[in-house]
Q: 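So that we are looking at the same thing, I have put the structure below in structure tokens.
Both ligands and their constituent atoms are indexed starting at 1 by order of listing. We count residues from 1, following the sequence as given.
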Amino acid sequence: MSITINEIPVQRVAKSRLPEVDFDNLAFGSVFTDHMFRCTYRDGRWQDAAIVPYGPLTLDPASKIFHYGQSVFEGMKAYKDAEGNAWLFRPEENQKRLNISAARMAIPELPDGLFMEGLKALLEVDRDWIPARAGSSLYIRPFIFASGTGFHASPASEYTFIIACAPSGAYFSGKVSVRIEEAYSRAADGGTGFAKAGGNYAGQFYPTQLAAKEGFQQVIWTDDHHHDYIEEAGAMNIFIRIGDTLLTAPTSDRILDGITRKSILRLAEAEGIPLEVRKIKVSEVIAASGDGTLKELFGAGTAAVVSPISSFGYRGKKYELPELDDSYASHFKKRITDIQYNRAEDPFGWRFPLD
Ligand code: PLP
Ligand code: COI
């Protein structure tokens, strides 16, 4: 299916919900725009692309998404600059990753163009929903799920691809404290950890609930073999600063190849910040905390942007991190958001104009 934006039919809502939205008090991902993009895979091809009013779906109870969790998703944002121009950030990376995730979950990949043309058509119709305030953006959630039916545990023959959007503020409110997990695992070699598959997140909820009872917002996952190495958090890649060196784990079968992560690595490289992409032992982080060289931990992701971690728990003990005036976290947050909101040069061509 090759499609261009002009070929996508638009069914508009009779009355926009936009006037009801309090743009000064946006939570994350809880109010949704007027429209969504929808497309169906049936008879071996993607078809019926359309912009339709946002709203509930009618699904057969035997749809395989309900039984076998066959679904993948993406997370991206649209930003508005001071002049009111609208931008995306590296959208081709999300398009690529959605197909990588889809292939792992035996979901048919999207043909070239469908993702971007559908997204552009949707954002043209719902453009006024992109917040104009710094710190807010339009969170975009493309997702594909098995809408085909049957109790047989095998891939569905029908799928639905939807792009829905939610004007959003910060993902975390307040300080972020994390627990380094040793009992549960998020992913295993040969598994689906590198894919943005819905089930990866469902599997994290219970251990994260246990951590929340102890006052932690997120879990930092460690390797599933011996829980010796730091991997990533529930919705973010993790960076560690020891001395002036910035460290992060290499991506693998078990770790999502984050777009924010790779953007930070590129910026750090260009700025000559000492950088090590390697396996990081939990014991090394504990030792650095003990000798005062552990300066920062921060998470990086589309929803979370760059989120400094104020403390972490490990084996029943809490470790506080210093508050720095010149943190790498605030530096990278500024560099990335300046590019996203068109406040600075874009030396790597990451900004994608929507106008
Ligand atoms: N790791 C996980 C498990 C995530 O869900 C996310 C969020 O998308 C990330 C890392 C960060 O990826 P990105 O920067 O592409 O949003
Ligand atoms: C994102 O950062 O876009 C994500 O997909 C994380 C999500 C679980 C909120």
Side-chain angles (χ1 to χ4, degrees), residues 26-30 32 71-79 88-101 104 115 119 136-144 162-173 176 178 181 184-188 191-205 207-208 217-224 230-239 248-268 277 297-307 309 329 332-333 335-337 339-340 350 352:
L26 286 174
F28 177 84
S30 55
F32 307 98
S71 75
V72 293
F73 73 96
E74 266 307 317
M76 53 203 300
K77 284 174 172 172
Y79 309 86
L88 296 171
F89 184 71
R90 310 187 74 176
E92 69 292 346
E93 295 287 338
N94 298 94
Q95 175 182 4
K96 234 188 310 179
R97 193 170 62 188
L98 186 60
N99 272 346
I100 290 171
S101 300
R104 178 62 182 85
F115 180 97
L119 181 58
S136 297
S137 55
L138 187 71
Y139 186 73
I140 303 166
R141 176 52 63 86
F143 59 103
I144 311 175
I162 289 178
I163 308 178
C165 301
S168 294
Y171 189 70
F172 293 112
S173 51
V176 182
V178 297
E181 182 63 50
Y184 297 92
S185 299
R186 174 187 174 274
T192 60
F194 68 93
K196 265 183 99 72
N200 287 345
Y201 296 78
Q204 299 184 82
F205 291 164
T208 306
Q217 284 80 36
Q218 288 261 296
V219 165
I220 292 192
W221 299 102
T222 51
D223 67 281
D224 62 303
I230 301 275
E231 303 232 298
E232 68 175 325
M236 323 182 275
N237 294 110
I238 290 291
F239 285 85
T248 195
T251 52
S252 70
D253 270 7
R254 304 189 301 265
I255 298 184
L256 191 81
D257 187 4
I259 297 159
T260 320
R261 173 188 176 278
K262 68 172 85 168
S263 305
I264 289 175
L265 291 178
R266 187 74 191 87
L267 289 168
V277 179
L297 277 183
F298 59 91
T302 299
V305 197
V306 177
S307 290
I309 291 166
F332 287 118
K333 182 172 182 182
R335 288 242 33 210
I336 288 194
T337 54
I339 293 174
Q340 290 169 336
W350 290 340
F352 179 94

Q: Taking both backbone and side-chain atoms of I259, is any N or O found less than 3.5 Å from an N or O belonging to ligand 1?
A: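 I259 vs ligand 1: N/O contact under 3.5 Å present.
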
Q: Measure from the side-chain N and O atoms of S137 to the backbone N and O of Y79, and report whether any donor-acceptor pair falls under 3.5 Å.
A: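 Between the backbone of Y79 and the side chain of S137 there is no qualifying donor-acceptor contact (under 3.5 Å).
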
Q: Is it true that K262 and E93 have a side-chain N and a carboxylate O under 4.0 angstrom from each other?
A: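 Yes, charged N to carboxylate O under 4.0 Å.
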
Q: Please work out whether any backbone atom (N, CA, C, O) or any side-chain heavy atom from C-beta onward of A300 is under 4.0 Å from ligand 1, and answer side chain, backbone, both or neither.
A: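 It is the backbone that touches ligand 1; the side chain stays farther off.
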
Q: Should you measure from each heavy atom of G75, which atoms of ligand 2 turn up under 4.0 Å away?
A: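 This gives 3 (O) as the contact atoms.
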
Q: Among all protein non-hydrogen atoms, which one is nearest to atom 5 (O) of ligand 1, and what is the separation to 0.1 Å?
A: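 That would be Y201 OH, 2.5 Å.
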
Q: May I ask you to check whether D257 and T251 show a side-chain donor-acceptor distance below 3.5 Å?
A: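 Absent: no donor and acceptor within the cut-off.
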
Q: Strictly distance-based, threshold 3.5 Å: is any side-chain N or O of T260 a donor or acceptor partner for the main-chain N or O of G258?
A: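 It does not hold such a pair.
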
Q: Tell me whether ligand 1 is touched by G234 - counting only heavy atoms on the residue side and a distance under 4.0 Å.
A: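 Judged by the 4.0 Å heavy-atom criterion, G234 does count as contacting ligand 1.
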
Q: What about F73: any of its N or O atoms under 3.5 Å from an N or O on ligand 2?
A: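 No; every N/O pair is 3.5 Å or more apart.
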
Q: Nearest 0.5 Å, please: how far is CD1 in I162 from CZ in F73?
A: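 Between atom CZ of F73 and atom CD1 of I162 there are 14.5 Å.
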
Q: With heavy-atom distances below 4.0 Å as the criterion, list the atoms of ligand 2 near K196.
A: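 What qualifies from ligand 2 is 4 (C), 5 (O).
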
Q: Looking only at heavy atoms, what is the nearest atom pair of Y171 and A235, with distance?
A: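 Closest pair (atom of Y171, atom of A235, distance): OH-CB, 4.2 Å.
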
Q: Starting from atom 8 (C) of ligand 2, what is the nearest protein heavy atom, named by residue and atom, and what distance separates them?
A: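 I find the closest protein heavy atom is Y201 CE2, 3.7 Å.
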
Q: In terms of residue, atom name and distance, what is the protein heavy atom nearest to atom 16 (O) of ligand 1?
A: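 For this ligand atom, the closest protein heavy atom is T302 OG1, 2.6 Å.
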
Q: Identify the two heavy atoms, one from E74 and one from N94, that lie closest to each other, and give their separation to 0.1 Å.
A: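 Looks like OE1-ND2, 2.8 Å.
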
Q: Looking only at heavy atoms, which two atoms of N237 and L256 are closest? And how far apart?
A: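 Closest approach of N237 to L256, heavy atoms only: ND2-O, 3.1 Å.
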
Q: For the side chain of R186 and the backbone of G234, is there at least one donor-acceptor N/O pair under 3.5 Å apart?
A: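 Such a contact is absent between R186 side chain and G234 backbone.
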
Q: Return the orientation label for the F89 and W350 ring planes: parallel under 30°, perpendicular over 60°, tilted otherwise.
A: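 Perpendicular, since the angle between the ring planes exceeds 60°.
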
Q: Give me the residue, atom name and distance of the protein heavy atom closest to atom 2 (O) of ligand 2.
A: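 For atom 2 (O) of ligand 2, the nearest protein heavy atom comes out as A303 N, 2.8 Å.
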
Q: Which ligand 2 atoms are under 4.0 Å away from a heavy-atom of Y171?
A: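 Those of ligand 2 that fall under 4.0 Å from Y171 are 9 (C).
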
Q: Taking only heavy atoms of R97, which atoms of ligand 1 are found under 4.0 Å from at least one of them?
A: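 This gives 12 (O), 13 (P), 15 (O) as the contact atoms.
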
Q: Please indicate whether any nitrogen or oxygen in Y139 is less than 3.5 Å from any nitrogen or oxygen in ligand 2.
A: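 The answer is yes, given that Y139 and ligand 2 share an N or O pair closer than 3.5 Å.
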
Q: Return yes when E93 approaches ligand 1 closer than 4.0 angstrom through a heavy atom, no otherwise.
A: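 No.
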
Q: Atom 1 (N) of ligand 1: which protein heavy atom is closest, and how many Å away?
A: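 Answer, as residue, atom name and distance: E232 OE1, 2.6 Å.
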
Q: Let me see the working for I264 and F298 under side-chain contact (heavy atoms from CB on, under 4.5 Å), right down to the final yes or no.
A: CA-CA 12 Å; I264 289 175; F298 59 91; 4.2 Å; yes

Q: I need the atoms of ligand 1 closer than 4.0 Å to a non-hydrogen atom of G301, numbered in the order shown.
A: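 Listed by number with element, the hits are 11 (C), 14 (O), 16 (O).
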
Q: So which heavy atom in the protein is nearest atom 12 (O) of ligand 1, and how far is it from that ligand atom?
A: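 Ranked first by proximity to atom 12 (O) of ligand 1 is G258 CA, 3.4 Å.
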
Q: Does atom NZ of K333 have more than 12 heavy-atom neighbours, drawn from other residues, nucleotides or ligands, at distances under 6.0 Å?
A: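 At most 12 heavy atoms, drawn from other residues, nucleotides or ligands, come within 6.0 Å of this atom.
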
Q: If you measure from CD1 on I238 to CH2 on W221, what distance do you get to the nearest 0.5 Å?
A: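 That separation rounds to 12.5 Å.
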
Q: What's the shortest distance from atom 7 (C) of ligand 2 to any protein heavy atom, and which residue and atom give it?
A: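 So the nearest neighbour among protein heavy atoms is R141 NH2, 3.8 Å.
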
Q: Return yes or no for this condition: an N or O of R186 is under 3.5 Å from an N or O of ligand 1.
A: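 Not met; the criterion fails.
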
Q: Return the closest protein heavy atom for atom 6 (C) of ligand 1 as residue, atom name and distance.
A: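 Among all protein heavy atoms, the one nearest atom 6 (C) of ligand 1 is A235 O, 3.3 Å.
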
Q: Which residue holds the protein heavy atom closest to atom 7 (C) of ligand 1, what is that atom called, and what is the gap in Å?
A: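 Ranking protein heavy atoms by distance from atom 7 (C) of ligand 1, first comes K196 NZ, 3.2 Å.
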
Q: Heavy atoms only: which of N237, D257, I255, N200 lies closest to atom 10 (C) of ligand 1?
A: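 It is N237 whose heavy atom sits nearest to atom 10 (C) of ligand 1.
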
Q: So which heavy atom in the protein is nearest atom 14 (O) of ligand 1, and how far is it from that ligand atom?
A: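 Nearest neighbour among protein heavy atoms for atom 14 (O) of ligand 1, to 0.1 Å: T260 OG1, 2.6 Å.
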
Q: Can you report which non-hydrogen protein atom sits closest to atom 6 (C) of ligand 2, along with the distance?
A: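 The answer is A235 CB, 3.8 Å.
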
Q: Report yes or no: does N200 contribute a side-chain atom to a donor-acceptor pair with the main-chain N or O of A195 at less than 3.5 Å?
A: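 Yes.
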
